[in-house]
There are 2 protein chains.
Amino acid sequence: MSNKPATIKEIAKILKISVSTVSRALNDHSSIGLVTKQRVKKLAADLNYEPNQRAIQFLHGKSFVIGVILPELSESFFSEAISGIEDIAYKRNYTVLLAQSHDDAEREKLLVEKMKTQRVDGLLVSVSKTTSTYEHFEMFKKVNIPVVFFDRIPPLKDIHYVASNLETGTYEAVNFLLKKGHRTIGMINGPNTLLASHERKEGYIKAMVSNRLKFDPSLVISCDLSEASTITAMDAMLNHKRKPAAIVTFNDYVALFAMRYARSLNLSGIDFVSYANLPIISYMDYSPIASVEQFPYRQGKKAADILIDLINKPKSQSEVEQAYFNIVVESELIVSKLP
Amino acid sequence: MSNKPATIKEIAKILKISVSTVSRALNDHSSIGLVTKQRVKKLAADLNYEPNQRAIQFLHGKSFVIGVILPELSESFFSEAISGIEDIAYKRNYTVLLAQSHDDAEREKLLVEKMKTQRVDGLLVSVSKTTSTYEHFEMFKKVNIPVVFFDRIPPLKDIHYVASNLETGTYEAVNFLLKKGHRTIGMINGPNTLLASHERKEGYIKAMVSNRLKFDPSLVISCDLSEASTITAMDAMLNHKRKPAAIVTFNDYVALFAMRYARSLNLSGIDFVSYANLPIISYMDYSPIASVEQFPYRQGKKAADILIDLINKPKSQSEVEQAYFNIVVESELIVSKLP
DNA sequence: AACCAGTGTGCAAACGATTGCGCCAAATTA
DNA sequence: TAATTTGGCGCAATCGTTTGCACACTGGTT
């Protein structure tokens, strides 16, 4: 009963006109008379006609699908980013094919393969932590399928990407602490290999310098983001000849570890500032007094927009004049509301 | 330059055989000679031939896509569930079309519409909190597209669903507390309208009764899950003539609020048990001593498996003999490891 | 010599929608 | 009145793949 969806053919047969007329009528083509249009549209509505997307995709040689590969949806940065991607895709009539690499380079490679066999029209990627080779992405370029990276950018030339610049947010953060009266500010940073660590450090330095303070490198300590490593860093801070009165931490986890450790030593009064990645942290007894926000939703939207623009861009005649989008979303300091 | 992907036609032309032979050779059809098969496969590999999925989907009248609508990816229950869904879909050669309702009934309706125009082969849904009408799902049934609900199940007859039974986990939780020596155990439950609240209460009662203790209804207090409401419930607990020495809370947020409130009153020694929904909670200074786990990944896998089974099931001759899958994934108590 | 079985291959239709081209009639113009 | 425009519509090809059917061989059995 009421089984197969209606097709354009059936409409044509019932109305005793040709399928081309029906198609044109539904698409408001100028060469179709008003009465015919209305008759067709009426019947289409009655039959609950909906165009078969697979047929259209097939005809156009396009899938209207964008692939999205990201490390972990359970990280709130990514679950928020995917909302932005989804919203744009929806608005621009694209569909999202989502997959998680779970920070596994092998799996990421497989997923990229699958995206290719699925013939996505474009790819949005935030690369896995363990990824060290990038040929699988290069393949896409060869077949002219645009790839846009976001947040976790591979060290490649000539790519499109959207990422946040943590320098500005960090600058604001340190400035905020200085304005609050702190003179000695520490930073528990991430591994030096990460671009993100570098940006944080640069922001820190700029803030110090622009306030006519001299930058003390020994107050910026790297850690590997584990609790143990955070505690080691904290020990170094606390034994420093200039013990910091405020500390900027690489992320909320590190802040959590550091704050807990400080309390376990019965130390209070140190102000912490972090980078927002755990929404739950605001519910907690102790939380950073301010946070650098990276606007994942906004980044997701932007990246999706760029990707779809690229998909629909007429092919550039010469490869040379190809422009690469390198969009930087500025980060921003959000000061916690007092309870 | 290496533009369009290779097609079966090109292979046929190069090898001077017909497309049907090529197709059959690639699919290992028995009527094709060994030599021909090998020649075809060799060339296909050389040309990086991959079958055009859109063409195949179009031909079969199937999309090999399952739609997934869930409330919020940032809730870890769902982000874990989607991993299970993805994994099964990948394994069984389906593709996932994901969308979030953000707990908005209107949006959910729109998304269901979109899924229909996209002609998904099946639908997996966890309904939004604000959804109160269900016709949009009924539509799918009419056109014979299977729908499987998971976790948040609508109050409908004759539906497929996968959900966890919180009764068993709650039973274990209360039992655990009793074994630990507590005689008076309180429960801060959710709204009575929720099935989940009911299951928790039943588990609580069963545990008490099976330990020959009498059930005191005044020790099970409902709240609306807000902090204020949790505090009200806690006040009632603490002023109870039999002040509970252990409390089971509806979820981790409620546990967080309650524990914080207890500490603010300088109360310690109350044992809390909760239902796992915030992975971060184990990182915190104070956390429940045990948690009822609902295995979202497992639920997601199960739901996806059932859906794909339904999609591929030969049509039942009579509507009557249609069987409905009502799968219950038992919940389970996980006792926190001591640090 | 006629028949059959098996093996290997090609022809052509089908899936649903779009679109360039051509055709016919009515309306306008010369 | 004849010539030209134009509004309205149909024909048929096209996209890539699968598949039922027909056909042409070869080799073996009556």
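Computed from a predicted model, the values in this text were never measured in an experiment. In the text below, chain A, chain B and the rest are named by the order of the sequence lines, each starting its count at 1.
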Practice prompt. Please check if any side-chain donor atom of B:Glu50 sits under 3.5 Å from a side-chain acceptor atom of A:Thr117, or the reverse.
Written response: no
Worksheet item: How long is the line joining CD of A:Glu10 and C1' of C:dC15, in whole Å?
Response: 13 Å
Fill in: Pair B:Lys42 + B:Asp46: basic N to acidic O under 4.0 Å
yes
Item to complete: Can you check whether any acceptor in the base of C:dG8 is under 3.5 Å from a donor in the side chain of B:Arg24, or vice versa?
Response: no
Worksheet item: Between A:Val22 and B:Ser20, which is nearer to the 5' end of DNA chain D once each is assigned its nearest nucleotide?
Response: A:Val22
Discussion item. Distance check needed: C:dA17 P versus A:Lys9 NZ, whole Å only.
Written reply: 9 Å
Discussion item. Could you tell me how far apart A:Leu59 (CG) and C:dG20 (C1') are, to the nearest whole angstrom?
Written reply: 13 Å
Discussion item. Taking the ring centre of each residue, are B:Phe137 and B:Phe149 less than 6.0 Å apart?
Written reply: yes
Practice prompt. Tell me what B:Gly33 touches on the nucleic acid: a base, only sugar-phosphate, or nothing, going by heavy atoms under 4.0 Å.
Written response: sugar-phosphate
Discussion item. Using every non-hydrogen atom in the two residues, find where A:Ala105 and A:Thr130 come nearest and quote the distance to one decimal.
Written reply: N-OG1, 2.8 Å
Discussion item. Taking A:Arg92 first and then A:Asp305, would you say they form a salt bridge - that is, a charged N and a carboxylate O separated by under 4.0 Å?
Written reply: yes
Discussion item. Please confirm whether the shortest side-chain N or O distance from B:Thr21 to OP1 or OP2 of C:dT9 is below 4.0 Å.
Written reply: no
Worksheet entry | Distance in angstrom units between B:Arg119 CZ and C:dC15 C1', rounded | 12 Å
Worksheet item: Could you give all pairs that pass the salt bridge (Lys or Arg N to Asp or Glu O under 4.0 Å) test and reach residues 14-32 of chain B, with sequence neighbours left out?
Response: B:Asp28-B:Lys37, B:Asp28-B:Lys41
Worksheet item: Do the side chains of B:Leu123 and B:Val148 get nearer than 4.5 Å, heavy atoms only?
Response: no
Worksheet item: C:dT18 P sits how many Å from A:Asn27 CG, rounded?
Response: 5 Å
Practice prompt. For the helix from C:dA1-D:dT30 to C:dA30-D:dT1, figure out the bend between the end axes, five pairs an end, and round to 10 degrees.
Written response: 70°
Worksheet item: Toward the 5' end of DNA chain C, which comes first, B:Ser31 or A:Glu50, by nearest nucleotide?
Response: B:Ser31
Practice prompt. In whole angstrom, give the distance that lies between atom CG of A:Asp28 and atom P of C:dT19.
Written response: 14 Å
Discussion item. Measure NZ/B:Lys37 against P/C:dT7 and give the value in whole Å, please.
Written reply: 12 Å
Worksheet item: Considering only heavy atoms from C-beta outward, does the side chain of A:Ile145 approach that of A:Met139 to under 4.5 Å?
Response: no
Discussion item. Can you work out whether B:Thr36 or A:Pro51 has the more 5'-proximal nearest nucleotide on DNA chain C?
Written reply: B:Thr36
Item to complete: With heavy atoms under 4.0 Å as the rule, sort B:Thr7 into base, sugar-phosphate or nothing.
Response: sugar-phosphate
Worksheet, complete the sentence: Taking every heavy atom of B:Tyr94 against every heavy atom of B:Val65, the minimum-distance pair comes out as CD2-N, 4.0 Å
Fill in: Any A:Ser23 side-chain N or O less than 4.0 Å from OP1/OP2 of C:dA17
no
Worksheet item: Would a 4.5 Å heavy-atom cut-off, applied to side chains only, mark B:Glu138 and B:Leu156 as touching?
Response: yes
Worksheet item: NZ of A:Lys13 versus C1' of C:dG16: gap in Å, rounded?
Response: 14 Å
Worksheet item: Just the endpoints, please: which first and last nucleotides of DNA chain D, 5' to 3', lie under 4.0 Å from a heavy atom of chain A?
Response: D:dG8 to D:dG16
Worksheet item: Closest to the A:Ile56 side chain: C:dG10, C:dC15, C:dT18?
Response: C:dT18
